[in-house]
Amino acid sequence: MTTPTDVPSVRGAEVGRRIGVGLMYGLWKPRVLGAWRVPATGPVILAVNHSHFIDGPMLMGTAPRPVHFLIKKEAFIGPLDPFLLGIGQLKVDRSTADRTAITRALGVLEHGGVLGIFPEGTRGEGDFASLRAGLAYFAVRSGAPIVPVAVLGSTERRGRLIRGLPPLRGRVDVVFGDPFQAGDGSGRRTRTALDQATVRIQEHLTTHLEHARRLTGRRATLK
């Protein structure tokens, strides 16, 4: 069992959420659909597609609860290191089984918090086509429900002022899906059980993404 000192700051994550609200709504026009599906209390995992680096901040600024994201350690450089840690985010070394990050992430869920995960592990097509096993592990180990989230519009067009960003004041859609359990109810955490959970998760996430695209009229990511 984790102690409060092992868990990222909830107050820091709330500060991060407020910063995210100001930046995301100030720079773009988020359209948030289905946020009411996120459980108001208790542990929950937000599984987010990842095609642009603003997807994480966008979710932080639009989710109804403060989010603790698992973020690759390479992002924690210079002044970003104390800043990201200060707003309750989790540094993870993706090249190994990072026990410290795993313990802290489980601590977030154990204390009833919201854990944000990019299940694809890195930026790509944002279509949930390649999932790592980490999401299944956290979901099965904690018993926390997973809420699929689709962030759409961040890569459809390039901005004129800053080419690496979506057009300023452009619309970005954030669509929350129905929560679901990754496990089969047995509580087993064997390799087979985790593999089965990963398949189950991918089916849910892919179905949600297809639904979100139909709902918003968004097409697939452009190169």
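Positions are given from 1 along the sequence. From a predicted model like this one, the values you see are computed outputs, not experimental measurements.
To the nearest 0.5 angstrom, L23 atom CG is 10.0 Å from M58 atom CE. For the atom pair CG (L209) and CG (L152), the distance works out to 6.0 Å, reported to the nearest 0.5 Å. If you take CZ on F138 and CG on L70, they are separated by 5.0 Å, rounding to the nearest 0.5 Å. Distance check: F180 CZ to T207 OG1 gives 9.5 Å after rounding to the nearest 0.5 Å. The CZ atom of R31 lies 4.0 Å from the CG atom of D173; values are rounded to the nearest 0.5 Å. Here S142 contributes atom OG and L115 contributes atom CG; the two are 8.0 Å apart, rounded to the nearest 0.5 Å.
Between Q89 and M60, the closest side-chain pair of non-hydrogen atoms falls below 4.5 Å. Proximity of R99 to I102: side-chain heavy atoms (C-beta onward) are separated by under 4.5 Å at one or more points. Side-chain contact between F176 and W36 is absent, with no heavy-atom pair separated by less than 4.5 Å. Taking 4.5 Å as the limit, some side-chain heavy atom of Y137 sits within range of a side-chain heavy atom of L106. The side-chain heavy atoms of W28 and L168, taken from C-beta on, include a pair separated by under 4.5 Å. I54 has its side chain within reach of P166: a pair of non-hydrogen atoms, C-beta onward, lies under 4.5 Å apart. Inter-residue side-chain proximity for T62 and Y25 is flagged as met; some heavy-atom pair is nearer than 4.5 Å. Contact annotation: the side chain of N49 approaches that of V151 to within less than 4.5 Å [non-hydrogen atoms, C-beta and beyond].
Heavy atoms of other residues, nucleotides or ligands lying less than 6.0 angstrom from CZ of R169 number more than 12.
At a threshold of 4.5 Å between side-chain heavy atoms, the hydrophobic network of Ile, Leu, Val, Met, Phe, Trp and Tyr places F53 and V174 in one connected group. F69 and V21 fall within the same hydrophobic cluster, defined by Ile, Leu, Val, Met, Phe, Trp and Tyr side-chain heavy atoms under 4.5 Å apart, directly or through other members. When hydrophobic clusters are built by joining Ile, Leu, Val, Met, Phe, Trp and Tyr residues whose side-chain heavy atoms come closer than 4.5 Å, directly or via intermediates, V147 is not grouped with L215. Clustering ILVMFWY residues whenever any of their side-chain heavy atoms sit less than 4.5 angstrom apart, transitively, puts M24 in a cluster other than the one holding L33. V10 and V38 are not part of a single hydrophobic cluster, where members link through side-chain heavy atoms under 4.5 Å apart.
Side-chain N or O atoms of R94 include none that pairs as donor or acceptor with a backbone N or O of K72 at under 3.5 Å. At distances below 3.5 Å, not a single donor-acceptor pair connects side-chain atoms of R37 with backbone N or O atoms of G177. Using modelled atom types, one side-chain atom of R65 and one backbone atom of P39 make a donor-acceptor pair closer than 3.5 Å. Judged by distance alone, the side chain of H208 and the main-chain N or O of V175 form a donor-acceptor pair under 3.5 Å.
For P145 against P43, the heavy-atom pair with the smallest separation is CD-O, 3.3 Å. Taking every heavy atom of both residues into account, P66 and V114 meet most closely at O-CB, 3.4 Å. The minimum heavy-atom distance linking D184 with Q196 is given by the pair OD2-OE1, 4.4 Å. Smallest separation of non-hydrogen atoms from A75 and I71: CB-CG2, 3.7 Å. The two atoms that bring P8 and G88 nearest to each other are CB-O, 3.4 Å, heavy atoms only. Between V140 and A197, the shortest heavy-atom distance links the atoms CG2-CB, 3.9 Å.
For the pair E14 and R17, the salt-bridge criterion is met [side-chain N within less than 4.0 Å of a carboxylate O]. Using a 4.0 Å cut-off between charged nitrogen and carboxylate oxygen, K91 and D98 do not count as a salt-bridge pair.
Remark: of the listed residues I146, L135, I201, L135 is the sole one forming a side chain to side chain contact (heavy atoms under 4.5 Å, CB included) with P119.
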